[in-house]
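Taking it in order: structure first as structure tokens, then the write-up.
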Amino acid sequence: MQDDRPVDDLDEAAARAELARLAERLARADLAYHRDDAPEITDAEYDALKARNRAIEARFPALKRTDSPSDKVGAPLAEGFAKVRHAVRMLSLENAFEPADVIDFAQRVRRYLGLGDGPLAFTAEPKIDGLSLSLRYEAGVLTQAATRGDGEVGENVTPNARTVADIPHRLPAGAPDLLEVRGEVYMSHADFAALNARQAGRGERTFANPRNAAAGSLRQLDAAVTASRPLRFFAYAWGALSAPLAATQSGALERLSQFGFPTNPLTALCPTTEAMLARYAAIERDRASLGYDIDGVVYKVDDLALQQRLGVRSATPRWAIAHKFAAELAWTRLAAIDVQVGRTGALSPVARLDPVTVGGVVVSNATLHNEDYIAGRGADGRPIRGGRDIRVGDRVQVFRAGDVIPKVADVDLSLRPGDAAPFAFPDRCPRCGSPAVREPGDAVRRCTGGLICPAQAVEKLKHFVSRGAFDIEGLGARQIEMFFADELLPIREPADIFTLEARDAANPVRLADRLGYGAVSARNLFAAIAAARRVPLARLLFGLGIRHLGEVASADVARHYGSWEALTAALDRARPAALAHRAADEAEAAERAAAGAEGRRARARAVRDAATMGVPVEAAEEWRDLVTADGVGPVVALSLSDALANPRERASIDRLVAELRVLPPEARAEASPVAGRTVVFTGTLERMTRAEAKARAEQLGAKVAGSVSARTDYLVAGPGAGSKARDAERLGIPVLDEAGWLALIGGEGPAP
DNA sequence: CAGCCTCGAGTTCC
DNA sequence: CTCGAGGCTG
């Protein structure tokens, strides 16, 4: 098939065949690289194929194909599926594992709504184990189908969804003009077994479980393949709507059913918590005979107006919860315990297991959490598993928490080998040999090597290029490992990434000829790095990987200071106060340790006073400004201060920042009149609870504070307001009543 | 000061 | 996805 003759030796027919072969070969390589993230040829080979394609086209211009690979420039755009931004975010659900969690949930809802013992109904429906899908209908016609993705952005699988018999292509008259229907795509047990038999008969891959089969079938580039797979669908929710479906969850499901969507027949309305739990028991009892996989029961507040008042937290709604069935368990042998070193130096023990199937997936690794967990102690020091420890060679019980993360749950002492010794958790870093210490009250042991430790250094770099940070295309975890180990063109700290191209240019052998790179891929990498030089302050901060500064805290700090210069200047000024704060903490700890010894206590206090007293007023004020900032407390503040004050670390950061153009945080451009304002609520609110008022205000971009200060913009005072109202008056801050507040934010109350 | 909620950091397999 | 812990609220 393959034609290796020099281009000049090809006749027209051979050239035509070779162009077809190259087009197919390159398209396959593009998919493997970009969609599956699993390159099947090296970049050099890829470049060579492209070069040959171009050479043949140059000699036989008339034969150039309409789908010529030459027309696809650089990083091919051949992504498997187009990305789709969901008009309304697809949320995930909070989980409950025990009846007590469900009772808690119902109580939380009551408290939040201020319902007392009044009536409150929930729907209960089986939680289908498939993959969620959002179907968009415009003017009654299915126009788009998208997978959940990360909840914000999913994949466009419209042609595939059209092949699913349960999904209507058109809606009857009376359906809203715009309607996004959400539900679960799944495969029945019978269809799954038949499909696997068919696959096996043809020598093709079989699927581990119905969910994987459903996911694999829906995410086919060729919708004809999807059409040949027996997929089904249950509708259970909705996204964007031009008109409300009903006043209740159950009513809305009824409407969806009238529109032609299958809804689950086991769905029931439960007037009490007891009814919810009874429904759970009934569904669990029928689980095996349903004919499809379910992994729990979902409860939702039935009244949609109440759902709206409850609103959503960062990723989950307050008005629903998933009551999961007990996880499937499996027994296997613990072959070894490895200890990994994370970016913060945390030593994490990982169980290497004899492979075993748990819940349809073969598991060979599982987390062991920390040294206490192995020893049979919980976080509070109390025995877990009846105090049984875990030893290499033991028979252990494994389950997948949340059906995902494998964990070792238990151990069978009766089968323990006679020579099994208790696991000795290392007190030195397994990678760099530095002492590994456990701070008092901390559950994890950490390597103290800092950036000396290659494990920490490389994990920090991986974090630096990760999604929420610099997110450099073509520079992922694998590439970081490679460059970290490379002698000729190393990346050992973040700044090295941005000097990569210049250093490469000075090398005798270029990247384009090494490490599996070709001219195209090397150029693409340098371009992606160049693009990453312009970086928002929040991403820079997060990328630095400073302990306790995650995505949210980084954004908070960035917004607080506005620029890198302002941030570093402020932190440098605050440093003496930070040190004093640490000294005070340590003195206090010493004091506690020497409880009873009056003399020592006095000495500790003296140390603290001394540490606090010498601090310049300016430093104390700057420190105070930091610790009182939104989302920042003493722990976060101290961690940030330490990172910037450490000479080695600071030098590395300065080298990095010199390579960058740091962009200021975006001002929150909200249309709401209260965006960016600080509001304080006091007194009794009559039309909403305090929690609700706060959530609503924050949703509109306002900050809700607990006490009135000069920075407060509005005080919302209900009946019974006391000192806060007087404070506001004294400070000349506008005071609104509840009606005035609702008028200001424009609406009767909680709006969509 | 206690409990709640959210965030951070850890992990697996596809 | 879960656990632990930091920060905020009542």
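Below, chain A is the first sequence line, B the second, and so on; all start at residue 1. Quick note: numbers below take in every heavy atom, side chains included, and nothing from hydrogens, waters or symmetry partners.
- Between H463(A) atom NE2 and dA9(B) atom P there is a gap of 7 Å when expressed in whole angstrom units.
- Straight-line distance from the OH atom of Y373(A) to the C1' atom of dT11(B): 13 Å, rounded to whole Å.
- Evaluation of the salt bridge (Lys or Arg N to Asp or Glu O under 4.0 Å) rule for K407(A) yields no partner, not counting sequence neighbours.
- Contacts of V444(A) with the nucleic acid, taken as non-hydrogen atoms under 4.0 Å apart, are absent.
- Looking at L347(A) and N370(A), their side chains never come closer than 4.5 Å, going by heavy atoms from C-beta outward.
- What separates CG of L549(A) from P of dG6(C) is a distance of 13 Å, to the nearest Å.
- With dG8(B), dC14(B), dT11(B) as the choices, the nucleotide that has an atom nearest any side-chain atom of A553(A) turns out to be dG8(B).
- Counting any heavy atom pair closer than 4.0 Å across all strands shown, S92(A) reaches no nucleic acid atom.
- Using a 4.0 Å heavy-atom cutoff across all strands shown, G216(A) reaches no nucleic acid atom at all.
- Near DNA chain B, meaning a heavy atom under 4.0 Å from it, residues 338-351 of chain A has Q340(A), R343(A), T344(A), A346(A), S348(A), V350(A) in order of number.
- For Y186(A), the ring pair (Phe, Tyr, Trp, His ring centres under 6.0 Å) partners two or more places apart in sequence, or in a different chain, are F234(A), Y292(A).
- Nearest nucleotide to the side chain of R547(A), out of dA9(B), dG8(B), dG6(C): dA9(B).
- In this entry the distance linking NZ of K407(A) with P of dC3(C) reads 4 Å, nearest Å.
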Subject >> E481(A)/K462(A) under salt bridge (Lys or Arg N to Asp or Glu O under 4.0 Å): CA gap, chis, key distance, verdict >> reply: CA-CA 8 Å; E481(A) 292 273 5; K462(A) 285 182 194 169; 2.7 Å; yes
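- One interatomic measurement links the two molecules: CZ of F399(A) to P of dT12(B), which rounds to 14 Å at whole-angstrom precision.
- Rounded to whole Å, atom P of dT6(B) lies 14 Å from atom CG of D556(A).
- Taking the salt bridge (Lys or Arg N to Asp or Glu O under 4.0 Å) definition, one finds that E371(A) meets it with R438(A), R445(A), sequence neighbours left out.
- As rounded to whole Å, 11 Å separates atom P of dT2(C) from atom NE2 of H369(A).
- Of the side-chain N and O atoms in N370(A), none sit less than 4.0 angstrom from OP1 or OP2 of dG10(B).
- For R352(A), the salt bridge (Lys or Arg N to Asp or Glu O under 4.0 Å) criterion is met by D338(A), not counting sequence neighbours.
- For N365(A) and dC13(B), the shortest distance from a side-chain N or O to OP1 or OP2 is below 4.0 Å.
- In this entry the distance linking NE2 of H548(A) with C1' of dG7(C) reads 12 Å, nearest Å.
- The nucleotide whose nearest atom lies closest to any side-chain atom of F97(A) is, among dT12(B), dT2(C), dG6(C), dT2(C).
- For R446(A), the salt bridge (Lys or Arg N to Asp or Glu O under 4.0 Å) test picks out D442(A), with sequence neighbours left out.
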